[in-house]
Structure formats: structure tokens, C-alpha cells
Amino acid sequence: MKIIVCIKQVPDTNEVEIDPQTNTLIRTGIPVIINPDDKSAVEAALELREKIAGSTVTVVCMGPPQAEMALREALSMGCDEAVLVSGRKFGGSDTLATSTILSATLKKIGYDLILTGRQAIDGDTAQVGPQIAEHLGIPQVSYVEEITPEKDSIIVMRQYEDRYHKIRVKLPCLLTAIQDLARPRYMTVKGVSSAETREIRRMDYDDLSDILDAAAVGLKGSPTQVVRTYTKEPKAQGAILKGLTPDEAVDAIMARLHEEHLI
Ligand SMILES: Cc1cc2nc3c(=O)[nH]c(=O)nc-3n(C[C@H](O)[C@H](O)[C@H](O)COP(=O)(O)OP(=O)(O)OC[C@H]3O[C@@H](n4cnc5c(N)ncnc54)[C@H](O)[C@@H]3O)c2cc1C
């Protein structure tokens, strides 16, 4: 089984700054990590490989040249292959253009099972995984917490707020992973040193141009218009109750909530 994991390199913070001129993310000078959901997806893929003889795990990342770091980290966890999709023509891509480029890449390299994270901690839209499945015309299940392989299908547990769905999906398909899917393994020293010299396959617009329309990528292919970005107003100063027993504190909070007509 050819398992693909789409990983995104994201800033190691939830405090993403936005460029007020271009309304795009400012990425310079911020430490970067593999998006947490994606790292769980990598781990789940490696565990599946151990269960299904002859399987391979390929990680794919679209981003600037420095996104190679994320791919090397995935290689050092044990992935078999890494693909960096990068190029000037791809700059400024919104989620639609990103998923268009990633799905073209996946058509080129082949796949049986595609894993993405549920959502990236910077863009936060949770759109790219489902959009890739739509472009490829394959079934998708989001919020996946457990994967059990069968012969030509897989059984997944989809997490809801108050329940689970157990779903059988035919391959090829796409799953979006939540962090509960798997706890990422640590990189080994041997893994890290061998990943440093492993080859990373690079793909740019020219490698995909036979199946990718130039008007569908980058800013031209991005229908999303960011109208305005702004910093949230700080909330009003809270009250701190000091020197009370737990019971007195509960009474004081209840009294305050009544006073404000909140209960
Ligand atoms: C108008 C506009 C302009 C933008 N311009 C830029 C820009 O110039 N430069 C820039 O860096 N960003 C830019 N962005 C942000 C960019 O579109 C998003 O970061 C990207 O499309 C992914 O969306 P998301 O972060 O919401 O991912 P989500 O949809 O939340 O991600 C879900 C999952 O999809 C997969 N995934 C998402 N992105 C990638 C990726 N790149 N490679 C591999 N897998 C991926 C991961 O598995 C991830 O967990 C722009 C966005 C908009 C709206």
C-alpha cells in the first residue's frame, strides 16, 4: 500500500502575525515545526506500514525551500520518501490553489491511502484535506481517531463531540487525522543522521504543468479575498478573589453571576 502523508510546516506558535499590506502570514524569524495533526498522521502511517507488508510511507510538503526541514524530520521518524513541492508560481496560494497543487502532485506520484492533518495551526481552515479528496474524486473521512486495515478497505473511527462513527472506506481514500490518532515517536540519533543525507524529490510547476493550469495556482488561482485583519480587543480586567475557602469562593462567584444576571 502506498501511503502518502501531506505535512505542512507551520510557525511554532498560535500567535501568527499578519502582514497588514498583503494580508498574508509573516513567516520570517519564527521557529517552525511540523503541524501537530500531521505529525500524528505520520506516526499512524508508520504504524500501518508495520501492519501491511510491502507498504511505503511518502511525505509531501508544499512550501518554500526551508520546508525541507520538516521533510527531513519525517524521514528521521522512518518515512521512506519525501517530496517537496515548491516554486515561485505557487506563492500566494490560498487553500483552493494549495489543494489543487497538492492533488496534481499526488496524481503524479501515485497513492492508495492519503493522510492529511485535520487542520493546520496557522491557517486553521481544515479545508485542504477535503479539497484534495474532491479534486481526486476519492472518498474522504475527516476527524479520524483510529485506523484498522482490511483487504481492499480500511475501518476508521470518526470522532464527533459526543459520539463516534465506525466507517468502512474503500481504497483509495483520504483521511484527515486528529492528534488522538497516534502519539508521534521520537526521532532516533541514527534516524536523524541518515535523514540528513537522504534525497528529497523536488517538484515545481514545470513538473506538474501537463496536468496543472497556471491560472489555478498562486495568487491568480486563489479566489479567497482577505478583506481585513485585526488584533482582538483585550477583554475587560477580570476580578481575582483572594483569601477565601473553596466554599466561600463558590458563594462569591455565584453571587456575582446572579448580580450580572448570567444565571
Ligand atoms: C489570499 C491568501 C493568500 C495566501 N498567501 C499565502 C502566501 O503567500 N504564503 C503562504 O505560505 N501562505 C499563504 N496563504 C495561506 C495558505 O493558503 C494556507 O496556509 C494553505 O492553503 C493551507 O491552509 P490551512 O493552513 O488552512 O490548512 P488546513 O486546511 O487547515 O490544513 C489541513 C491539512 O492539509 C495539509 N496541508 C495544508 N497545507 C499544506 C501544505 N502546504 N503542504 C502539505 N500539506 C498541507 C496538512 O496535512 C494539514 O494538516 C494564503 C492564504 C490566503 C487565503
Side-chain angles (χ1 to χ4, degrees), residues 3-16 18 25 33-48 51 59 70 74 77 94-96 98-99 102-103 111 113-150 153-185 224 226-227 229-236 238 246 249-250 253-254 256-258 260-263:
I3 309 170
I4 308 283
V5 189
C6 294
I7 63 172
K8 184 180 180 193
Q9 192 180 50
V10 294
D12 188 8
T13 170
N14 286 318
E15 300 297 319
V16 177
I18 307 277
L25 309 178
I33 55 169
I34 296 178
N35 182 52
D37 283 350
D38 308 358
K39 214 165 165 182
S40 296
V42 169
E43 176 60 35
L46 294 171
E47 289 173 15
L48 273 179
K51 291 183 193 151
V59 273
M77 286 172 73
D94 69 358
T95 63
L96 182 64
T98 300
S99 62
L102 285 172
S103 56
Y111 54 85
L113 174 65
I114 304 166
L115 300 178
T116 71
R118 171 197 50 179
Q119 126 183 34
I121 58 170
D122 55 350
D124 251 348
T125 66
Q127 292 173 355
V128 171
Q131 285 176 355
I132 293 173
E134 289 299 317
H135 289 306
L136 297 175
I138 57 172
Q140 56 173 291
V141 183
S142 53
Y143 285 73
V144 169
E145 191 187 299
E146 200 181 297
I147 306 173
T148 313
E150 291 193 318
S153 56
I154 48 168
I155 307 255
V156 299
M157 295 289 269
R158 181 180 202 271
Q159 191 190 79
Y160 285 85
E161 254 175 45
D162 56 347
R163 70 208 126 101
Y164 289 96
H165 275 177
K166 190 173 182 181
I167 304 170
R168 176 175 285 119
V169 208
K170 279 208 159 178
L171 296 170
C173 68
L174 180 144
L175 310 176
T176 80
I178 55 173
Q179 280 184 63
D180 292 341
L181 176 62
R183 183 192 287 257
R185 65 192 64 187
T224 314
V226 179
V227 178
T229 60
Y230 54 95
T231 310
K232 278 205 247 170
E233 291 296 321
K235 287 185 184 159
V250 169
I253 292 167
M254 294 298 280
R256 185 70 190 270
L257 292 173
H258 276 296
E260 302 282 337
H261 303 291
L262 292 171
I263 52 172

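Computed from a prediction, not measured in an experiment: that's the story for all the values here. We use all heavy atoms of the structure for the numbers below, so side chains are in, but hydrogens, waters and symmetry mates are not.
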(request) Apply side-chain hydrogen bond (donor to acceptor under 3.5 Å, both in side chains) to Ser142 and list each qualifying residue two or more places apart in sequence or on a separate chain. (result) Arg158

(message) Return the CG to CD1 distance between Leu113 and Ile138, rounded to the nearest 0.5 Å.
(response) 8.5 Å

(request) Using a 4.5 Å cut-off on heavy atoms from C-beta on, say whether the side chain of Ile132 contacts that of Cys6. (result) yes

(request) Not counting sequence neighbours, which residues clear side-chain contact (heavy atoms from CB on, under 4.5 Å) with Ser40? List them please. (result) Gln179, Pro184

(message) Would you say CZ of Arg163 has more than 12 non-hydrogen atoms from neighbouring residues, nucleotides or ligands within 6.0 angstrom?
(response) yes

(message) Using the side-chain contact (heavy atoms from CB on, under 4.5 Å) criterion, which residues pair with Ala120? Sequence neighbours excluded.
(response) Lys8, Val10, Asn35, Asp122

(request) Mind checking side-chain hydrogen bond (donor to acceptor under 3.5 Å, both in side chains) for Thr224 and listing every partner two or more places apart, or none if nothing turns up? (result) Asp94

(request) Starting from the C-alpha separation in whole Å, work towards a yes-or-no answer on side chain to side chain contact (heavy atoms under 4.5 Å, CB included) for Ile121 and Ile33. (result) CA-CA 10 Å; Ile121 58 170; Ile33 55 169; 4.3 Å; yes

(request) State, yes or no, whether a side-chain contact exists between Val128 and Leu102 at a heavy-atom distance under 4.5 Å. (result) yes

(request) Give every residue pair that meets the ring-ring contact (aromatic ring centres under 6.0 Å, His included) criterion with at least one member in residues 114-147, sequence neighbours excluded. (result) none

(request) Find the distance between CG (Leu181) and OG1 (Thr176) and round it off to the nearest 0.5 Å. (result) 9.5 Å

(request) For Thr148 and Glu146, work out which heavy atoms get closest and say how close. (result) OG1-OE2, 4.1 Å

(message) Applying side chain to side chain contact (heavy atoms under 4.5 Å, CB included) to Leu48 and Ile154, what does each step give before you reach the verdict?
(response) CA-CA 11 Å; Leu48 273 179; Ile154 48 168; 5.7 Å; no

(message) I'd like to check the side-chain contact (heavy atoms from CB on, under 4.5 Å) partners of Ala45; sequence neighbours left out, ordered by chain and number.
(response) Ile3, Val5, Val57, Leu115

(request) Go through the structure and list residues passing side-chain contact (heavy atoms from CB on, under 4.5 Å) with Glu145, not counting sequence neighbours. (result) Gln159, Tyr164, Ile178, Asp180

Would you give me the side-chain donor-acceptor pairs under 3.5 Å for residues 165-175, sequence neighbours excluded?
residue : atom : partner : partner atom : Å
His165  : ND1  : Tyr160  : OH           : 3.3
Arg168  : NE   : Glu150  : OE1          : 2.8
Arg168  : NH2  : Glu150  : OE2          : 3.3

(request) Calculate, to the nearest 0.5 Å, the distance between atoms CD1 and CD belonging to Ile34 and Gln9 respectively. (result) 8.5 Å

(request) Identify, with sequence neighbours excluded, every residue that meets side-chain hydrogen bond (donor to acceptor under 3.5 Å, both in side chains) alongside Gln140. (result) Glu134

(request) Tell me, please, which residues at least two apart from Glu161 pass salt bridge (charged side-chain N to carboxylate O under 4.0 Å, His left out). (result) none

(message) By the salt bridge (Lys or Arg N to Asp or Glu O under 4.0 Å) test, which pairs, at least two apart or in different chains, include something from residues 35-45?
(response) Asp37-Arg118, Lys39-Glu73, Glu43-Arg185

(request) In plain terms, say whether Glu47 and Lys51 are close enough for a salt bridge, that is, a side-chain N and a carboxylate O under 4.0 Å apart. (result) no

